[in-house]
Amino acid sequence: MSSTNQEDYRDSIATVDNSGKRIWIYPKKPKGGFYNKRKLVTYILLLILFGLPFIKYNGNPLVLFNIPKGEFIIFGIYFAPQDFHLFVIAMLIGIVFIVLFTVIFGRIFCGWVCPQTIFMEMVFRRIEYWIEGDYKAQIRLNKSNWNQNKKLAKKTLKHFLFILVSAVIAHTFLSYIIGIDALWELMTSPVDAHWTGLFAMIGFTTVFYGVFAFMREQVCTTICPYGRLQGVLLDENSLAVAYDFERGEPRGKLVKAKKGKKSECKDGCSTCKTNDSSCPSKTLNATLENFLPEPKGDCIDCNLCVHVCPTGIDIRNGTQLECVNCTACMDACDEVMIKIKKPTRLIRIDSYNGIATGARSLWNTRVAAYSLVLISLIVLESFLFISRSSIETLFLRTPGMLYQKQDDGYISNLYNYQLINKTDLESEITFIVKDIEGAIIEVVGEAPRTQIRKISEGAVFIKLPASSLSSRKTNLVIEVIADDKVIDKVKTSFLGPRK
Ligand code: SF4
Ligand code: SF4
């Protein structure tokens, strides 16, 4: 086969045939050590996902992403929309971390942590195995008529459970947005009080049901942008689920050796090495070695690794974009190797270089560069987080207003302020103009006061003696005081007559 032909499988994906039609994947039910570990990881992650919305800290949710209201709580710390820069940097940290992790450890995230794979392989697929049986039984069931093999009952039960789990997932995600109390209120109040919420829930449930019941691995192979990035992220040193072609090839079926007796050989020719029926002396007189098949690699071409693959690929072809590193093929192959008394890990987590040359190196220029960027971003985020004030002040001269000359020799400017309170406390606020003798602040309306996790607004006049102004525009620093402490300092400008 030419090298071009050997790479043909890269021109198409395993789940689409030549006419462009979807090939439905029936993966064999996985089992083995890695699968058991994945189950454990899944239980922990699902416990966190479904349990977090119920945990409260100081009467507030531990985690909340209320995008419509601009309210974000992460591990009990409240973030306002004004902290958006922290969110952007956190996103960048997440992206660089995933890139760095992928460069070193390949796509392990997809198979072990990604919610799509976890729900698909560990929840929905297991419901399917439970109701319809393993892959061969599923194929039989799908080919049978609706009145055979309890097909109608099995399909109805399966899709009912799929919709139910999809609804639970949709409600859980909503609880991260509006909070568990608001969700409960929504669920227990009359439907006509929240039609929008009801339609949103039906919409999200339908999307989850569609993804897990029908789209399945297509999400990973054709939609997920992270999957598309693998080609540029992985190199020959990246770890991934990989087949040891050095050990496995040339692959071939197991052939039992036939026994002969060396003493019966009359001719001593070598014909029997290839075919005992062509023995010229018809004595079937070969040594054991003569009848052994040609030396082969450890792969016995049983195709079990292909049967268990949820994306329908043959990992023996090399690293492919469809592979989500779920390690199901590792378990399957290990089981085969144990049966034929060969060392396990013919399919293992290794790099291309590790398999081809035995040289493994996780540290290279790319890894160093990504690590540097990641550390810099973490330092920046930490600094901004530590220096972030719990009450933020915006203090701006009222647009379109000129200065006013007062009878007492003062010049006044009107300002608007906003107090963004990120705490659960309310405080009286005082503004003081720093370093200007005789400066007066007169509050318009109610005295400034913060409200719990809210923005309070108001206006003040700042009056400065005309004698203290040396130019048309004077820069001011305003101290914001709460409970006798300076909690923030803001800069603004003051307009006066031309000198
Ligand atoms: S499971 Fe192992 S032995 Fe069987 S085909 Fe796959 S790589 Fe070869
Ligand atoms: S090739 Fe192996 S690790 Fe990759 S998706 Fe298929 S079964 Fe999972």
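Note that these values count all heavy atoms, side chains included, but never hydrogens, waters or copies made by symmetry. Counting starts at 1 for both ligands and their atoms, following the listed order.
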d(T423 OG1, I77 CD1) to nearest 0.5 Å is 13.0 Å

Here the atoms of ligand 2 under 4.0 Å from any heavy atom belonging to T311 are 5 (S)

Less than 6.0 angstrom from the centroid, inside 45 degrees of the normal: does R388 satisfy that with respect to the ring of F79? yes

From the list R345, R251, K342, R316, salt bridge (charged side-chain N to carboxylate O under 4.0 Å, His left out) with D298 holds only for K342

Taking only non-hydrogen atoms of M337 and a 4.0 Å limit, the atoms of ligand 1 in range are 3 (S)

The answer for which part of T327 has a heavy atom under 4.0 Å from ligand 2 is backbone

Going by the 4.0 angstrom heavy-atom rule, the piece of V306 near ligand 1 is neither

task = Run the numbers on Y26 and N142 for side chain to side chain donor-acceptor pair (under 3.5 Å), then give the verdict.
result = CA-CA 11 Å; Y26 295 94; N142 279 1; 2.7 Å; yes

Looking only at non-hydrogen atoms, the one of A242, P30, C329 nearest atom 7 (S) of ligand 2 is C329

Going by the 4.0 angstrom heavy-atom rule, the piece of V308 near ligand 2 is neither

**Prompt:** Is the shortest side-chain N to carboxylate O distance from D181 to K56 below 4.0 Å?
**Reply:** yes

Which of I338, L346, V308 passes side-chain contact (heavy atoms from CB on, under 4.5 Å) with C333? It is L346

Taking only non-hydrogen atoms of V241 and a 4.0 Å limit, the atoms of ligand 2 in range are 3 (S)

Per-atom filter on ligand 1: closer than 4.0 angstrom to a heavy atom of C333 are 1 (S), 2 (Fe), 7 (S)

Within 4.0 Å of some non-hydrogen atom of C299, the atoms of ligand 1 are 3 (S), 5 (S), 7 (S), 8 (Fe)

Under 6.0 Å between the ring centres of F173 and F208?
yes

Is any side-chain heavy atom of C220 closer than 4.5 Å to one of M120? no

ask   = Is there side-chain contact between T102 and Y226, with heavy atoms separated by less than 4.5 Å?
value = yes

N, O or S atom of C326 closer to atom 8 (Fe) of ligand 2 than 2.8 Å:
yes

When rounded to the nearest 0.5 Å, the distance separating CD1 of I347 from CD1 of I315 is 7.0 Å

Within 4.0 Å of some non-hydrogen atom of C302, the atoms of ligand 1 are 1 (S), 3 (S), 4 (Fe), 5 (S)

Using salt bridge (Lys or Arg N to Asp or Glu O under 4.0 Å), reason through K29 and D134 one step at a time and then give a plain yes or no. CA-CA 6 Å; K29 192 176 176 182; D134 207 346; over 6 Å; no

N/O/S from C305 sitting under 2.8 Å away from atom 8 (Fe) of ligand 1: no

Ranked by distance from atom 4 (Fe) of ligand 2, the top protein heavy atom is C323 SG, 2.3 Å

The answer for which part of N303 has a heavy atom under 4.0 Å from ligand 1 is backbone

P310 heavy atoms within 4.0 Å reach ligand 2 at atoms 7 (S)

The closest protein heavy-atom partner of atom 5 (S) of ligand 2 is V324 N, 3.4 Å

Exercise. Could you tell me whether atom 6 (Fe) of ligand 2 has an N, O or S atom of C309 under 2.8 Å away?
Key: yes

Can D17 and S19 be said to form a side chain to side chain donor-acceptor pair (under 3.5 Å), step by step?
CA-CA 5 Å; D17 69 12; S19 65; 2.8 Å; yes

Ligand 2 atoms nearer than 4.0 angstrom to some heavy atom of N325 are 3 (S), 4 (Fe)

With heavy atoms and a 4.0 Å threshold, my read on which part of R316 contacts ligand 1 is side chain

Under 4.0 Å from one or more heavy atoms of I313, ligand 2 contributes atoms 1 (S)

When rounded to the nearest 0.5 Å, the distance separating OG1 of T221 from CZ of R216 is 13.5 Å

The protein heavy atom nearest to atom 3 (S) of ligand 1 is I300 N, 3.5 Å

